[in-house]
Enquirer: 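Pasting a structure here, questions to come.
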Amino acid sequence: MTQTLDITDRTRLRRSHERGHFDRETINAILDAQPMCSVGYVIDMKPYVTPTLQWREGSHVYWHGSSASRALRNSRDAEVCLTVSILDGFVMARSGMHHSVNSRSVMLFGRAFKVEDPAEKHAKLARFVNGLFPGRYEGLREEHAQDLKATTLLGMEIAEGSAKIRTGPPKDEEADYDLPIWAGVIPVTTTVGTPEPDPRNLPGVEMPEHIRTFRL
């Protein structure tokens with residue numbers, strides 16, 4: 001497995017080439033930092049994009065949903081595009097033209113495949129839950145056969161794609177730096193709030209450590 005993805009016509013940056021990254025380390029870090037993704041696919045020659053959660057295992061990325069999902073049914077064995085984006089800040093420039101955002105994003109292309117083996121599907125779904133909340137899966141009730149049957153798990157090899165990153169202050173036209181206009185960056189971060197117990201929790205059931213200490 002190469003440490004850098006090949007640049008293809010679909011992944012090369014037409015503009016702002018310095019923001020493009022094709023190394024697996026950068027791509028993996030962004031995928032691992034943001035579970036929320038969007039998957040683009042085509043049904044009857046019409047484009048659709050569906051938000052869902054993704055997780056990475058080595059050189060593959062996975063996502064799941066209902067077995068009745070039209071999106072997953074039409075994505076199986078088909079070309080899809082999966083994207084992840086993280087907003088890090090609003091870049092306030094001295095002209096409207098040069099306003100921007102500091103962000104990290106990944107765009108992946110490939111053919112989705114369905115994980116068929118029940119044992120493999122069970123293991124990957126458990127890994128997904130524990131990846132977000134370490135140790136939680138082992139404390140849940142045992143999966144019913146219908147649970148797995150009702151869930152479709154798709155995967156895709158991380159073989160074609162790129163990351164795009166912007167950091168730093170605004171990049172204004174040189175003459176605009178003499179204007180008396182405030183410019184800079186408004187940082188944006190994702191924060192985790194205080195967990196809210198289900199009102200139907202049984203009396204005496206304590207909040208587990210993986211909930212109390214959860215961080216993205």
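All heavy atoms count here, side chains included; hydrogens, waters and symmetry mates do not. Residue indices begin at 1 and follow the sequence shown.
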Enquirer: Where the side chain of Asp32 meets the backbone of Ala29, is there a donor-acceptor pair that is under 3.5 Å apart?
Expert: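 No.
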
Enquirer: Taking all atoms of both residues into account, what is the closest heavy-atom pair of Thr52 and Trp63, and its distance?
Expert: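 In this case the closest contact between Thr52 and Trp63 is CG2-CB, 4.1 Å.
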
Enquirer: Are more than 12 heavy atoms, taken from residues, nucleotides or ligands other than Arg141, located less than 6.0 Å from that residue's CZ atom?
Expert: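 Yes, because the 6.0 Å sphere around CZ of Arg141 holds more than 12 heavy atoms from other groups.
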
Enquirer: Tell me whether Val205 is reachable from Phe133 by hopping between hydrophobic residues (I, L, V, M, F, W, Y) whose side-chain heavy atoms are closer than 4.5 Å.
Expert: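 Each belongs to a different hydrophobic cluster.
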
Enquirer: Look only at the side chain of Asp23 and the backbone of Thr4, and say whether a donor-acceptor pair between them is shorter than 3.5 Å.
Expert: no

Enquirer: Can any side-chain N or O of Arg166 pair as donor or acceptor with the backbone N or O of Gly168 at less than 3.5 Å?
Expert: yes

Enquirer: Quick one, Leu82 and Val80 - any side-chain contact, counting heavy atoms below 4.5 Å?
Expert: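 No, every pair of side-chain atoms sits at 4.5 Å or beyond.
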
Enquirer: Compare every heavy atom of Ile158 with every heavy atom of Ile27, then report the nearest pair and how far apart it is.
Expert: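 In terms of heavy atoms, the two residues are closest at CG2-CG2, 4.4 Å.
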
Enquirer: Any Lys/Arg nitrogen of Lys121 or Glu143 sitting under 4.0 Å from an Asp/Glu carboxylate oxygen of the other?
Expert: no

Enquirer: Do you know the tightest heavy-atom contact between Leu13 and Ser162?
Expert: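 Minimum heavy-atom contact is CD1-OG, 4.3 Å.
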
Enquirer: So do Thr11 and Leu5 actually touch side chain to side chain, heavy atoms under 4.5 Å?
Expert: no

Enquirer: Around atom CG of Asp6, are there more than 12 heavy atoms of other residues, nucleotides or ligands at under 6.0 Å?
Expert: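 Not buried by this count: 12 neighbours or fewer within 6.0 Å.
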
Enquirer: Taking the side chain as C-beta and beyond, is there a heavy-atom pair between Asn130 and His210 under 4.5 Å?
Expert: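 Answer no - side chains too far apart.
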
Enquirer: Which distance, rounded to the nearest 0.5 Å, do you find between the CZ of Arg19 and the OG of Ser105?
Expert: 10.5 Å

Enquirer: Just so I know, are the side chains of Leu125 and Leu148 near enough to count as touching, which here means a heavy-atom distance under 4.5 Å?
Expert: yes

Enquirer: Just so I know, are the side chains of Cys81 and Met107 near enough to count as touching, which here means a heavy-atom distance under 4.5 Å?
Expert: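 Yes; the side chains approach each other to less than 4.5 Å.
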
Enquirer: Are Arg70 and Tyr48 in a cation-pi setup, meaning NZ or CZ lies under 6.0 angstrom from the ring centre and within 45 degrees of the ring axis?
Expert: yes

Enquirer: Between Lys114 and Leu154, does the side chain to side chain contact (heavy atoms under 4.5 Å, CB included) criterion hold? Intermediate values first, please.
Expert: CA-CA 5 Å; Lys114 183 179 180 181; Leu154 297 183; 3.9 Å; yes

Enquirer: Are Val185 and Met97 connected into the same hydrophobic cluster when the rule is that any two of I, L, V, M, F, W, Y join if their side-chain heavy atoms are below 4.5 Å apart?
Expert: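 Unlinked, Met97 and Val185 end up in two clusters.
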
Enquirer: Indicate yes or no for a side-chain donor-acceptor contact from Asp88 to the backbone of Thr189 under 3.5 Å, with no hydrogens or angles considered.
Expert: no

Enquirer: Within the side chain of Ser67, is there an N or O that forms a donor-acceptor pair under 3.5 Å with the backbone of Ala150?
Expert: yes

Enquirer: Find out if a path of hydrophobic residues (ILVMFWY) with successive side-chain heavy-atom gaps under 4.5 Å connects Val101 to Ile165.
Expert: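 No, no single cluster joins them.
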
Enquirer: Mind checking whether Ile186 and Leu87 sit in one hydrophobic cluster, side chains of I, L, V, M, F, W, Y counted as touching below 4.5 Å?
Expert: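 Yes; Leu87 is reachable from Ile186 via cluster members.
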
Enquirer: From Lys171 NZ over to His98 NE2, what is the distance, rounded to the nearest 0.5 angstrom?
Expert: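 One gets 11.0 Å once the value is rounded to the nearest 0.5 Å.
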
Enquirer: Just wondering, are more than 12 heavy atoms of other shown residues or ligands nearer than 6.0 Å to CE in Met207?
Expert: yes

Enquirer: I want to know whether Tyr137 and His122 have ring centres closer than 6.0 Å.
Expert: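 Yes, the ring centres sit under 6.0 Å apart.
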
Enquirer: Around Glu206, counting heavy atoms of other residues, nucleotides and ligands shown, do more than 12 lie under 6.0 Å from its CD?
Expert: no

Enquirer: Taking Asp172 for the side chain and Arg94 for the main chain, is one N or O donor matched with an acceptor at less than 3.5 Å?
Expert: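 The answer is yes, because a donor-acceptor pair under 3.5 Å joins these two groups.
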
Enquirer: Please give me the minimum heavy-atom distance between Ala163 and Thr26, naming the atom from each residue.
Expert: CB-CG2, 4.1 Å

Enquirer: Output the distance between atom NE2 (His60) and atom CG (Leu108), rounded to the nearest 0.5 Å.
Expert: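 Taking NE2 in His60 and CG in Leu108, the distance rounds to 11.5 Å.
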
Enquirer: Flag the pair Pro51 / Met36 as yes when at least one side-chain heavy-atom distance between them is below 4.5 Å, and no otherwise.
Expert: yes

Enquirer: State, to 0.1 Å, how close Val84 and Cys37 come at their nearest heavy-atom pair, and which atoms those are.
Expert: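 For Val84 versus Cys37, the nearest heavy atoms are CG2-CB, 3.6 Å.
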
Enquirer: For a 4.5 angstrom cut-off between non-hydrogen side-chain atoms, does Leu216 reach Pro35?
Expert: yes

Enquirer: Tell me the closest heavy-atom pair linking Ser59 and Arg24, and the distance in Å.
Expert: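 Nearest pair, atom of Ser59 first, then Arg24: CB-NH1, 4.1 Å.
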
Enquirer: Does Gln54 reach the main-chain N or O of Leu31 with its side chain, forming a donor-acceptor pair under 3.5 Å?
Expert: yes

Enquirer: I'd like to know if Leu153 and Val129 are part of one continuous hydrophobic network [Ile/Leu/Val/Met/Phe/Trp/Tyr, side-chain heavy atoms within less than 4.5 Å].
Expert: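 Cluster IDs for Val129 and Leu153 match.
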
Enquirer: State, without any angle test, whether Ser69 and Ser66 hold a side-chain donor-acceptor pair at a distance under 3.5 Å.
Expert: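 No pair is found: no donor N or O on one side chain lies under 3.5 Å from an acceptor on the other.
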
Enquirer: Measure the spacing between CD of Glu138 and CG of Leu140 and express it to the nearest 0.5 Å.
Expert: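 These two atoms lie 8.0 Å from each other.
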
Enquirer: Which of parallel (below 30°), tilted (30 to 60°) and perpendicular (above 60°) describes Trp55 and Phe128?
Expert: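 Parallel, since the angle between the ring planes stays under 30°.
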
Enquirer: Could you grab the distance from atom CG of Leu53 to atom CD of Gln34, nearest 0.5 Å is fine?
Expert: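 These two atoms lie 8.5 Å from each other.
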
Enquirer: Less than 4.0 angstrom from a charged side-chain N to a carboxylate O is my criterion; do Glu116 and Arg76 meet it?
Expert: yes

Enquirer: What is the distance from atom OG1 of Thr151 to atom NZ of Lys124, rounded to the nearest 0.5 Å?
Expert: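 Going from OG1 on Thr151 over to NZ on Lys124, the span is 15.0 Å.
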
Enquirer: Taking the side chain as every heavy atom from C-beta outward, state whether Phe214 and Arg136 have any pair of such atoms under 4.5 Å apart.
Expert: no

Enquirer: For the side chain of Arg56 and the backbone of Val61, is there at least one donor-acceptor N/O pair under 3.5 Å apart?
Expert: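 The answer is no, because no donor-acceptor pair under 3.5 Å joins these two groups.
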
Enquirer: Just one of Arg111, Arg12, Arg10 clears the salt bridge (charged side-chain N to carboxylate O under 4.0 Å, His left out) bar with Glu160, so which one?
Expert: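 Single pass found, and it is Arg10.
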
Enquirer: Could you check whether any side-chain N or O of Asp44 sits under 3.5 Å from a backbone N or O of Lys46, counting only pairs where one atom can act as donor and the other as acceptor?
Expert: no

